[in-house]
Amino acid sequence: MTTHQHPSPQEPPGQDGPPPGCPAHGPAAGALAGGESTGPGGAVRMHSPRFQRDPAELYRLLRRVHGPVAPILLDDDVPAWLVLGYREVHYVTSNSELFARDSRRWHAWDMIPANWPLMPYVTHTPSVLFKEGAEHQRRAGVITDVLSQVDQFELHTTSERVADALIDGFAGTGRAELMADYASQVPLRVVAGLFGLDLEQIFQLERDMAGSLDEGPGALDAYMRIHATMVGLLERGRSRPGSDVPSRMLAHPAGLEDEEIIQDMISIMAAGQQPTSNWIGNTLRLMLTDDRFAVTLSGGRRSVGQALNEVLWADTPTQNFVGRWAARDTQLAGVRIRKGDCLVLGLAAANTDPEVQPDFSAGSVGNQAHLSFSHGEHRCPVPAPEMAEVIARAAVEVLLDRLPDVMLTVPAQEVEWRPSIWMRGPAALPVEFTSI
């Protein structure tokens, strides 16, 4: 990995037409043009089926045509910028005053319909996600302090126990679908347990978390049920304080208001569920389809650690993150960014940037300088990735210990990815094994 270098944008010289060999007018531009994939000015529609089929190929084309910062269209052709370069993502996330997090800065709100699919990700709420400066530091500090109190050894033991219980449910059948039956369940149950939820509440919360991100009139109702669940946890923590996350947040000397705690608990729950689920699923997919890992499935644990790290580089669970909003007119990698422009952090593209990994391949990523947990002030609080790794490692290891001959029931190339430009995870992992 090369050392981090901030981009030094320069104003492009004026010219009457495209220079010889201009990538925006060459073969690569032609590969992007036409059909449902592009809009005015060559901006790529991120929500097009083509992008969802092969995002890595489009990242490569976008780099060739536009460089490390590319014009894109979100749902309903709302314009934004996709930051593809590793150095550029590092620069944006390191400069939170210039590239800010409060979505109310966006100048495009008059273009956004009320039922916009990405509304749950961009609507400003009182949560830590949209806070800036000293207020963000205060709120993030509470989350860091509270999560730091979680005992890592107890967390590992709990994760193993949850994994064992789930495997017990299908071990006798000889078949399973590992995403729905296992990868999505382990982190949900472990994290919900940290909040002091019982099993029935966990099942309801799972339905509501999924429903709150769906399009349609049911999304608001699902969110309100989640909110009500958090209110109940807060009331219990106040009347019967314990070692659970709500009780610890209430007891923190920062003295957060109830609604602040509720919003931050929702953020913790959401961040701890789907990304960790996809980390588990992507790692199992890799280990069940790549000969470099298959030959050591019953061997040492080093291969599991390698697979977990490799996935963060090659198939990171959070592909793209919306976003940042420019606090003033600026430039980024020679591109003019206007005040209020929306920038999407291309975490997956940055991790495979040939400028920092010129010989990138699945087996060449042994370090942990990836941007899968973002970077800078708004990156995941330090304990969160550590906790996610404990849960994911336990889930993978327990499954391979309990079902050493597990194998996919479909060819590796037929494993389909969920149709999402934001999260990266298999739609399903059907497997078979010797029943026990």
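Since we're looking at a predicted model, the values are computed, not measured.
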Check your understanding: Quick one: does N309's side chain have a donor or acceptor within less than 3.5 Å of a partner on G305's backbone?
Key -> no

**Study point:** Side-chain touch L429/L284, heavy atoms, less than 4.5 angstrom
**Key:** yes

If you look only at distance, which donor and acceptor atoms sit under 3.5 Å apart when one is on a side chain in residues 415-423 and the other is two or more places apart or in another chain?
from : atom 1 : to   : atom 2 : distance (Å)
R418 : NH1    : N278 : OD1    : 3.0
S420 : OG     : W422 : N      : 3.0
S420 : OG     : M423 : N      : 3.0

Check your understanding: Where do R101 and V322 come nearest, in terms of heavy atoms and distance?
Key -> NH1-O, 4.0 Å

Exercise for review: For the pair D353 (side chain) and L84 (backbone), establish whether a donor and an acceptor sit closer than 3.5 Å, ignoring hydrogens and angles.
Suggested key: no

Exercise for review: Could you pull out the closest heavy-atom pair between A163 and V186, with the gap in Å?
Suggested key: CA-CG2, 4.4 Å

Exercise for review: Evaluate the side-chain proximity of I391 to V162: yes if any heavy-atom separation is below 4.5 Å, no if none is.
Suggested key: no

Review point. Is the number of heavy atoms from other residues, nucleotides or ligands under 6.0 Å of R207 CZ greater than 12?
Key: yes

Review point. Under 3.5 Å, side chain of S277 to main-chain N/O of A183, donor-acceptor pair present?
Key: yes

Exercise for review: Kindly say whether E154 contributes a backbone atom to a donor-acceptor pair with the side chain of D151 at under 3.5 angstrom?
Suggested key: yes

Exercise for review: For Y86 and H370, indicate whether the former's side chain and the latter's backbone hold a donor-acceptor pair under 3.5 Å.
Suggested key: no

Review point. Tell me, do L250 and P241 make a side-chain contact under 4.5 Å, heavy atoms counted?
Key: no

Practice item. Could you list all the salt bridge (charged side-chain N to carboxylate O under 4.0 Å, His left out) pairs where at least one residue sits in residues 108-132, not counting sequence neighbours? Key: R105-E132

Point to revise | D341 side chain vs R338 backbone, donor-acceptor pair below 3.5 Å | key: yes

Exercise for review: For side chain to side chain contact (heavy atoms under 4.5 Å, CB included), just list the numbers for L61 and L58, CA-CA rounded to whole Å, side-chain angles, deciding distance to a tenth of an Å, and then say yes or no.
Suggested key: CA-CA 5 Å; L61 283 171; L58 275 182; 4.0 Å; yes

Practice item. Report yes or no: do H378 and T93 form a side-chain donor-acceptor pair below 3.5 Å? Key: no

Practice item. Output all residues satisfying ring-ring contact (aromatic ring centres under 6.0 Å, His included) with H124, sequence neighbours left out; order by chain, then residue number. Key: F130

Review point. Any sub-3.5 Å donor-acceptor pair from W81's side-chain atoms to I337's backbone N or O?
Key: no

Review point. With side chains defined as the heavy atoms from C-beta onward, is the minimum distance between I143 and D264 less than 4.5 Å?
Key: yes

**Study point:** Side-chain touch F195/T229, heavy atoms, less than 4.5 angstrom
**Key:** no

Practice item. Would you please name every residue forming a salt bridge (charged side-chain N to carboxylate O under 4.0 Å, His left out) with R379, sequence neighbours left out? Key: none

Review point. Within a reach of under 6.0 Å around CD of Q149, are more than 12 heavy atoms found that belong to other residues, nucleotides or ligands?
Key: yes

Exercise for review: Verify the distance criterion only: is there a donor paired with an acceptor across the side chains of S247 and D244 at less than 3.5 Å?
Suggested key: yes

Point to revise | Pairing residues for D102 by the salt bridge (charged side-chain N to carboxylate O under 4.0 Å, His left out) criterion, not counting sequence neighbours | key: R104

Review point. When you check the gap from the basic side-chain N to the acidic O, do D208 and R225 get nearer than 4.0 Å?
Key: yes

Exercise for review: Could you walk me through whether L166 and D181 pass side chain to side chain contact (heavy atoms under 4.5 Å, CB included), step by step?
Suggested key: CA-CA 7 Å; L166 288 167; D181 299 340; over 6 Å; no

Check your understanding: What residues form a salt bridge (charged side-chain N to carboxylate O under 4.0 Å, His left out) with R324, not counting sequence neighbours?
Key -> none

Check your understanding: How about V431 and L288: do any of their side-chain heavy atoms sit closer than 4.5 Å?
Key -> yes

Practice item. For N351 and L371, indicate whether the former's side chain and the latter's backbone hold a donor-acceptor pair under 3.5 Å. Key: yes

Review point. Under 4.5 Å between any side-chain heavy atoms of L347 and Q319, yes or no?
Key: no

Practice item. Sequence neighbours left out, what passes side chain to side chain donor-acceptor pair (under 3.5 Å) with R63? Give chain and number order. Key: none

Point to revise | Test item: Q331 side-chain N/O and G334 main-chain N/O as donor-acceptor pair under 3.5 Å | key: no

Practice item. Could you tell me whether R238 and D258 have a side-chain N and a carboxylate O separated by less than 4.0 Å? Key: yes

Practice item. Taking atom types as modelled, find out whether S372 and T316 have a side-chain donor-acceptor pair closer than 3.5 angstrom. Key: yes

Check your understanding: Is the number of heavy atoms from other residues, nucleotides or ligands within 6.0 Å of CD (Q413) greater than 12?
Key -> yes

Review point. Which atom names give the shortest non-hydrogen contact between M287 and S303, and what distance separates them?
Key: CE-OG, 3.9 Å

**Study point:** By side chain to side chain donor-acceptor pair (under 3.5 Å) - contacts of R138 (at least two apart)
**Key:** E135, E260

Point to revise | Any residue meeting salt bridge (charged side-chain N to carboxylate O under 4.0 Å, His left out) with R189, in chain and number order, not counting sequence neighbours | key: none

**Study point:** Closest heavy-atom pair and its distance - H47, L73
**Key:** ND1-O, 3.6 Å

Review point. Under the ring-ring contact (aromatic ring centres under 6.0 Å, His included) test, which residues partner H227, sequence neighbours left out?
Key: none

Practice item. List the atom of W109, the atom of W106, and the distance in Å for their closest heavy-atom pair. Key: CD1-O, 3.1 Å

Point to revise | Nearest atoms (heavy-atom pairs only) where G323 meets W325 | key: O-CZ3, 3.5 Å

Review point. Quick one: does T330's side chain have a donor or acceptor within less than 3.5 Å of a partner on A326's backbone?
Key: no

Point to revise | Any side-chain donor near an acceptor of the partner, D54 and Y59, under 3.5 Å | key: no

Review point. Does a salt bridge link D290 with R285, judged by any charged N lying under 4.0 Å from a carboxylate O?
Key: no

Exercise for review: With sequence neighbours left out, write down each residue that passes side chain to side chain donor-acceptor pair (under 3.5 Å) with Q263, or none if nothing qualifies.
Suggested key: Y223, E259

Revision key, fill the gap. Applying ring-ring contact (aromatic ring centres under 6.0 Å, His included) to H156 and not counting sequence neighbours gives none

Review point. Yes or no on side chain to side chain contact (heavy atoms under 4.5 Å, CB included) for V83 and V344, after CA distance, side-chain angles and deciding distance?
Key: CA-CA 6 Å; V83 187; V344 175; over 6 Å; no

Exercise for review: Please test L286 against F293 for side chain to side chain contact (heavy atoms under 4.5 Å, CB included), starting from the C-alpha separation and ending with a verdict.
Suggested key: CA-CA 8 Å; L286 175 64; F293 294 97; 3.7 Å; yes

Review point. Considering only heavy atoms from C-beta outward, does the side chain of P383 approach that of V150 to under 4.5 Å?
Key: no

